[in-house]
Amino acid sequence: MDDLLKFGPLVLGVIVLGWNIWLVRQGARKEALTELGARIDAAADKLEARIIEAERAVESKAGRPWVEGLQNQLQDLAPRVQTLEVDSRHLPSGSEFHLLALKVEGMLGDMKVIATTLKTNTEITRRVEEFLLNEKAS
């Protein structure tokens, strides 16, 4: 039980770090980072609860240094969570991505209409030019 309390938070920290790296490499969106932040917050809460529980259990035992190590791990986790929160604030949400996609699609439709109009105008200009050249030659 003591070994589990001793190494559990460390293992959890490594798993969370690996998850974070995987999400960044996959191009995670704001929702994924928010979910990761929530998981880290939950892990931090669990870790804090374990520390409190371990401190109560260890108060009568010698072994206080590893409890302090857990507290240090918790303190190290706080800036990482804060960094994720700051990064996720700057990312667009899913609805913003959807609106952007709709606007780009609308612009593509407008560009098709403009291209068709330009073809028509080019043909009209060519015919007027031919007419004027034939008129001048006569």
Side-chain angles (χ1 to χ4, degrees):
M1 179 67 174
D2 288 341
D3 288 337
L4 179 63
L5 287 175
K6 189 174 186 180
F7 294 110
L10 180 62
V11 171
L12 180 64
V14 169
I15 290 171
V16 168
L17 178 62
W19 177 256
N20 186 16
I21 291 170
W22 182 81
L23 284 176
V24 169
R25 295 186 97 207
Q26 294 297 320
R29 293 199 171 101
K30 185 176 184 177
E31 294 83 16
L33 289 175
T34 303
E35 179 184 339
L36 178 62
R39 287 183 179 186
I40 290 175
D41 287 341
D45 292 341
K46 286 180 183 179
L47 183 60
E48 190 171 8
R50 284 184 179 179
I51 288 172
I52 291 169
E53 179 183 327
E55 283 179 339
R56 289 180 185 150
V58 174
E59 283 178 0
S60 63
K61 299 178 183 177
R64 193 119 175 103
W66 70 269
V67 173
E68 291 172 2
L70 291 177
Q71 288 174 334
N72 291 337
Q73 287 178 2
L74 181 61
Q75 289 172 353
D76 292 341
L77 189 61
R80 293 174 50 204
V81 170
Q82 186 177 11
T83 302
L84 286 174
E85 289 173 348
V86 168
D87 289 345
S88 67
R89 285 187 194 128
H90 300 293
L91 295 174
S93 66
S95 61
E96 290 170 333
F97 271 121
H98 180 68
L99 289 174
L100 180 62
L102 290 176
K103 287 183 180 184
V104 168
E105 188 176 327
M107 287 178 16
L108 289 174
D110 292 343
M111 288 172 52
K112 286 180 183 178
V113 169
I114 290 171
T116 304
T117 304
L118 283 175
K119 285 180 185 176
T120 304
N121 287 343
T122 303
E123 185 62 30
I124 290 171
T125 304
R126 187 187 59 76
R127 287 181 188 163
V128 168
E129 184 179 354
E130 280 181 20
F131 174 75
L132 291 175
L133 289 174
N134 288 338
E135 192 70 27
K136 188 175 188 180
S138 313

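What you see is a predicted model, and the numbers here were worked out from it, not measured in a lab.
- Here the straight-line distance linking atom CD of Gln71 with atom CG of Leu47 works out to 10.0 Å at 0.5 Å rounding.
- Going from atom CD of Glu85 over to atom CD1 of Ile40 covers 9.0 Å, rounded to the nearest 0.5 Å.
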Item to complete: List the steps and the verdict of side-chain contact (heavy atoms from CB on, under 4.5 Å) for Glu129 and Leu133.
Response: CA-CA 6 Å; Glu129 184 179 354; Leu133 289 174; 4.2 Å; yes
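- Atom-to-atom distance recorded for Leu99:CG and Ser93:OG is 8.0 Å, nearest 0.5 angstrom.
- When all heavy atoms of Leu118 and Thr122 are compared, the closest pair comes out as O-OG1, 2.7 Å.
- Here the shortest heavy-atom pairing between Leu91 and Glu96 reads O-OE1, 4.4 Å.
- Residue Thr83 holds its OG1 atom at 9.0 Å from CZ of Arg80, rounded to the nearest 0.5 Å.
- A salt bridge links Arg126 with Glu123: at least one charged nitrogen is closer than 4.0 Å to a carboxylate oxygen.
- In this structure, Ile114 CD1 and Asn121 CG are separated by 11.5 Å, a value rounded to the nearest 0.5 Å.
- Nearest heavy-atom pair across Leu77 and Ala44 is CD2-CB, 3.6 Å.
- For Gln82, the CD atom is loosely surrounded, since the number of other residues' heavy atoms within 6.0 Å does not exceed 12.
- Atoms NZ and NE2, from Lys103 and His98 in turn, are 11.5 Å apart once rounded to the nearest 0.5 Å.
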